[in-house]
Amino acid sequence: MTHMEWIENKSLLRHNTFGMDVYARWFTEVQSEDALRNTLARAGDIKSPLFILGGGSNILFTKNVDGLVLLNAIPGMDVVQEDEQFVWVKAGAGVRWHQLVEYCIEHGYAGIENLALIPGNTGAAPMQNIGAYGVEIKNVFHCLTAMDVQDQLMHTMYADDCAFGYRESRFKREWKNKYVITSVTLKLNKKPDYNISYGAIARELENMGVKDLSIRAVADAVIKIRTGKLPDPAVIGNAGSFFKNPEVSADTFHALQEKHQDIVGYILETGRVKLAAGWLIEHCGPAEGVSWKGYRKGDAGCHALQALVLVNHAHASGTDIFELSNRIIESVQQTFGVALEREVNVY
Ligand code: FAD
Ligand code: NAP
């Protein structure tokens, strides 16, 4: 595809992991900053609304996109700086995140091995400060470059600019659709400082018979746990965790513990408690004595192995999934008095 080719009425079925068969009024793919600049200028000239797309693994489409869907496919992976202990790796927004993880493992650069197998592209990773197994991208983030949609000027943003939080950043809030992220630079460690504090990783490493820790071994453990537990979007539509884990005060947590002895919560540095949303969803349901876990209405459902993941069994619509998410939010609120917030971007 040349950089200026716009396709009219393109199905997005293959461009979102929920498998929603919605259409883009216009669709184009950019592979360079120049192509991006031209595309944004043209979209501005005709006043077309814009939707920035990566791997489509964190989005629920509930309708067609009446505007331009811009697939960011900017490539490239390079070491841009290096000293005795650290290495700075810059990757284009269009690089698949797991490809970047594999590149770092191969070269012995530590820091993102716990984030192995997260779907999607590098450009979207800062958007929600991707995280798994006790590591977030913010732990290794150096900077990113982004193009302003309005005037097509380039900017460099550092961690403080991005206001990273738990599955949050400024790009998910006030900067949504204002900037297109074009590259991300990570500061990685040549001397690994492994984080295997998540019980599941330590257990898996033991099962694998690993005696000497390595970046490869930690990533392999994560890959094994993930493939055993999470639905593969190629087989069953989903966008990973649909909800965030809610935070409550220590007092609220203790009050909940009195009623529900085995409720799962983790004490944060702030003293507040992060509740496992999956546990809350599993322990309430559509009717007395019935759990949401494994629930299905039509083709919209709640995954049988992890209640936090909503799934499209085949032909559910975005609205079916959204309505199910509403019922779950209501049910958790009524049962535990806790408000769940969606993690997935809803369009
Ligand atoms: P998309 O879904 O294409 O886009 C997501 C949002 O970012 C949209 O609002 C889009 O407009 C915006 N966006 C995309 N690219 C850019 C860009 N270049 N510039 C500006 N805005 C942009 N997430 C985790 O954090 N941890 C996990 O462990 C995890 N596990 C998952 C497991 C499964 C099976 C699935 C399906 C998803 C999982 N996710 C997880 C969610 C998802 O993979 C990540 O959020 C990922 O970073 C999304 O990348 P993407 O390229 O697919 O983004
Ligand atoms: P899990 O290991 O069954 O744990 C359930 C929840 O408890 C997780 O959400 C996790 O919170 C929290 N938790 C577990 N051990 C913890 C510890 N030692 N300290 C603090 N919190 C702890 O979860 P899972 O569903 O199999 O997922 C494993 C990891 O992959 C998690 O980090 C999860 O966030 C990540 N993941 C994310 C997505 C997504 O789409 N966002 C999808 C799949 C997996 P946290 O979520 O805060 O880590």
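What you see below is based on every heavy atom in this structure, not just the backbone, and it leaves out hydrogens, waters and symmetry mates. Every number for a ligand or one of its atoms is a count from 1 in the order of the listing.
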Would you mind listing which atoms of ligand 1 come within a distance below 4.0 Å of any non-hydrogen atom of [X]?
| X | value |
| --- | --- |
| A239 | 35 (C), 36 (C), 37 (C) |
| I59 | 2 (O) |
| N238 | 34 (C), 36 (C) |
| A132 | 28 (O) |
| G131 | 24 (C), 25 (O), 26 (N), 27 (C), 28 (O) |
| G56 | 1 (P), 2 (O), 3 (O), 50 (P), 52 (O) |
| L53 | 3 (O) |
| N72 | 18 (N) |

Pi-cation contact, W26 with R42 (under 6.0 Å, within 45°):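 No.
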Ligand 2 contact by Y166, heavy-atom criterion under 4.0 angstrom: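 True for this residue.
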Any L308 heavy atom less than 4.0 Å to ligand 2: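 Under 4.0 Å: no for L308.
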Which pairs would a plain distance check flag for residues 141-150, meaning a side-chain donor or acceptor within less than 3.5 Å of a matching protein atom at least two apart in sequence or in another chain?
residue: T145; atom: OG1; partner: T182; partner atom: OG1; Å: 2.7
residue: T145; atom: OG1; partner: S183; partner atom: N; Å: 3.3
residue: T145; atom: OG1; partner: S183; partner atom: OG; Å: 2.6
residue: D148; atom: OD1; partner: Q150; partner atom: N; Å: 2.8

Distance-only N or O hit between ligand 2 and Y266, under 3.5 Å: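 Right, the criterion is met.
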Are any of the N or O atoms of [X] closer than 3.5 Å to those of ligand 1?
| X | value |
| --- | --- |
| N58 | yes |
| A93 | no |
| P231 | no |
| V180 | no |
| I181 | yes |
| E343 | no |
| Q128 | yes |

Starting from [atom], which protein heavy atom do you reach first, and at what distance in Å?
| atom | value |
| --- | --- |
| atom 26 (O) of ligand 2 | K229 NZ, 2.8 Å |
| atom 36 (C) of ligand 1 | G240 N, 3.4 Å |
| atom 9 (O) of ligand 1 | M127 CE, 3.5 Å |
| atom 15 (N) of ligand 1 | A124 CB, 3.8 Å |
| atom 33 (C) of ligand 2 | R167 NH2, 3.9 Å |
| atom 11 (O) of ligand 1 | I52 O, 2.6 Å |
| atom 40 (C) of ligand 1 | I118 CG2, 3.8 Å |
| atom 47 (O) of ligand 1 | I130 CG2, 3.2 Å |
| atom 50 (P) of ligand 1 | G55 N, 3.4 Å |

As a check for students: among [options], identify the option with a heavy atom nearest to [atom].
| atom | options | answer |
| --- | --- | --- |
| atom 36 (N) of ligand 2 | R226, E136, H303 | R226 |
| atom 31 (C) of ligand 1 | K178, H98, R226, K172 | R226 |
| atom 42 (C) of ligand 1 | P126, S57, A116 | S57 |

L230, portion touching ligand 2 at heavy-atom distance under 4.0 Å: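 The answer is the side chain of L230.
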Electrostatic pair E168-K244, nearest N-O below 4.0 angstrom: yes
Contact with ligand 1 for H15, non-hydrogen, under 4.0 angstrom: no
4.0 Å heavy-atom contact, Y179 with ligand 1: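 Distance cut 4.0 Å: Y179 passes for ligand 1.
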Counting each atom of ligand 2 from 1 as listed, which ones have a heavy atom of [X] under 4.0 Å away?
| X | value |
| --- | --- |
| A132 | 30 (O), 32 (O), 35 (C) |
| N245 | 8 (C), 9 (O), 11 (O), 45 (P), 46 (O), 47 (O) |
| Q306 | 24 (P), 25 (O) |
| G240 | 40 (O) |
| E343 | 39 (C), 40 (O), 41 (N) |

Proximity of N345 to ligand 1 by residue part, where a heavy atom lies under 4.0 Å: side chain
Within reach of ligand 1, part of D232 (heavy-atom separation under 4.0 Å): neither
